[in-house]
Each structure stands twice: as C-alpha cells, then as structure tokens.
Amino acid sequence: MQITDRVKNCNGCSACIVGCKYSAIKMVTGEDGRKYPVIDENGCNKCNNCLLYCPLYNPVTLPQFDDFYEYDDEYYERDMPKVYRATKRSIKNGVTTDFTGTLCQIAGLKSLMGDKLSHDLRLYPLFCDRENPRRPECKDCIFWDVE
C-alpha cells in the first residue's frame, strides 16, 4: 500500500523517507509537478513508521510565527531527508541550528523530533503563496489554516 492511499493531499515534506527504517521510500515528481512518496513494496516491512512520522497523518502543532521569509526556488530543490538528518544530528550534538523551510517542512521536522522543538533550533519559515504557489503542494497546505 502506498502512503498516498492513506494520506490525502501529501505535501511532499519527505519526513516519511527519514522515518523509514528500510529505505523503501523515494520521492517522485508526478505529471502535475507535485512530489509524492513512492514505496518500494518489495523493500517495505509494513512497520508504518512512514505514517508515524507523517505530519498529515499524525498532526503536529506548529509554533506561531510573526515573520515569514521570502521563498527562494533553491529551497524547493533541496534534499529534505538530508537536511532533516543534518538538522537532527546538529541539535543532538548541542549546536544551535538554523532551519529554513516551508510550514510543511517545519511540520515534517517537528514530527521527526517527536512533536518537540529543541531550544537549540531557530526556525525561519518561508512564505508560500496559496494563490500563486511555487510548489504545487502549497495550494492544498493545511498548515496555513493553523492560527
């Protein structure tokens, strides 16, 4: 079973890839330009870690942000699993760490951290315009509805 069968409106945050102990998930770009997780059914052990770390399947509460930063296309092209792992490793080592990302990426990081944020983590949320999204996923983002 694919993640998108159980998680509608996947935002492509890639937290599921980091959560997968068997490296059985990869992101692919669909015909509509959206990024989707695809599970290699032969490599999947059906442990459901991918769903446990999905911020849409197991919602997290985001902090209130006063300032948003201008979105740069380079942030869309980042290898988010690599960014998440580096951020978690840096925080574990006690280093004050900056994380810049969209609301869904911040939710993905928070989900991977057990719905907790370290005091050593500084978040810089990127502004995604729902009416004119640079990422197709932003049009359906549920995190904009958070007050």
Side-chain angles (χ1 to χ4, degrees), residues 1-30 32-39 44 47-147:
M1 172 178 282
Q2 294 297 317
I3 297 171
T4 52
D5 293 340
R6 296 183 64 187
V7 177
K8 302 303 177 200
N9 296 324
C10 172
N11 57 32
C13 76
S14 301
C16 56
I17 294 173
V18 178
C20 180
K21 297 187 273 188
Y22 302 98
S23 301
I25 305 173
K26 67 178 180 176
M27 294 300 280
V28 297
T29 303
D32 59 359
R34 294 178 95 140
K35 291 185 178 183
Y36 297 100
V38 175
I39 297 174
C44 178
C47 67
N48 286 325
N49 265 5
C50 54
L51 292 173
L52 293 174
Y53 291 107
C54 174
L56 295 176
Y57 192 79
N58 283 317
V60 297
T61 303
L62 292 179
Q64 185 70 31
F65 295 109
D66 295 325
D67 296 317
F68 283 82
Y69 300 88
E70 197 60 38
Y71 190 93
D72 188 328
D73 287 335
E74 78 179 71
Y75 289 106
Y76 181 59
E77 300 301 324
R78 293 185 299 173
D79 181 356
M80 286 312 297
K82 185 176 181 181
V83 172
Y84 291 142
R85 288 180 183 113
T87 301
K88 287 177 58 177
R89 190 171 33 255
S90 181
I91 290 168
K92 185 178 179 181
N93 290 331
V95 176
T96 299
T97 306
D98 294 344
F99 182 86
T100 302
T102 60
L103 293 176
C104 63
Q105 292 166 343
I106 291 170
L109 178 64
K110 191 170 183 204
S111 181
L112 290 165
M113 296 177 70
D115 202 7
K116 297 179 182 135
L117 293 174
S118 168
H119 64 279
D120 289 330
L121 180 64
R122 292 186 302 220
L123 297 172
Y124 298 96
L126 296 173
F127 175 75
C128 288
D129 185 356
R130 272 182 128 159
E131 302 303 316
N132 186 23
R134 291 188 183 182
R135 296 176 62 214
E137 296 87 349
C138 293
K139 194 167 193 79
D140 299 319
C141 182
I142 67 161
F143 296 107
W144 279 111
D145 298 330
V146 175
E147 288 295 323

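- For Asn58, the side chain to side chain contact (heavy atoms under 4.5 Å, CB included) partners are Leu52, not counting sequence neighbours.
- Side-chain contact between Lys21 and Cys47 is present, with heavy atoms from C-beta onward closer than 4.5 Å.
- Between Ile91 and Met113, the closest side-chain pair of non-hydrogen atoms falls below 4.5 Å.
- Judged by distance alone, the side chain of Asn93 and the main-chain N or O of Val95 form no donor-acceptor pair under 3.5 Å.
- Inter-residue side-chain proximity for Thr102 and Pro125 is flagged as unmet; no heavy-atom pair is nearer than 4.5 Å.
- A distance of 13.5 Å separates OG in Ser111 from CD1 in Ile106, rounded to the nearest 0.5 Å.
- Residues satisfying the side chain to side chain donor-acceptor pair (under 3.5 Å) test with Asp98, not counting sequence neighbours, are Arg122.
- When side chains are defined from C-beta on, Leu109 counts as touching Phe99, because their heavy atoms get closer than 4.5 Å.
- Remark: the backbone N or O of Val83 is paired with a side-chain donor or acceptor of Thr87 at under 3.5 angstrom.
- In this structure, CG in Leu123 is found 12.5 Å from CG in Asp67, a value given to the nearest 0.5 Å.
- With a 4.5 Å cut-off on side-chain heavy atoms, Asn48 and Tyr57 do not count as touching.
- By the 4.5 Å heavy-atom criterion applied to side chains, Tyr53 and Cys16 are not counted as neighbours.
- The list of salt bridge (Lys or Arg N to Asp or Glu O under 4.0 Å) pairs with a residue in residues 54-63, not counting sequence neighbours, is empty.
- Under a 3.5 Å cut-off, the side chain of Asn49 and the backbone N or O of Cys20 do not form any donor-acceptor pair.
- Using a 4.5 Å heavy-atom cutoff, the side chains of Pro37 and Cys50 are not in contact.
- Other residues, nucleotides and ligands contribute more than 12 heavy atoms inside 6.0 Å of the OH atom of Tyr84.
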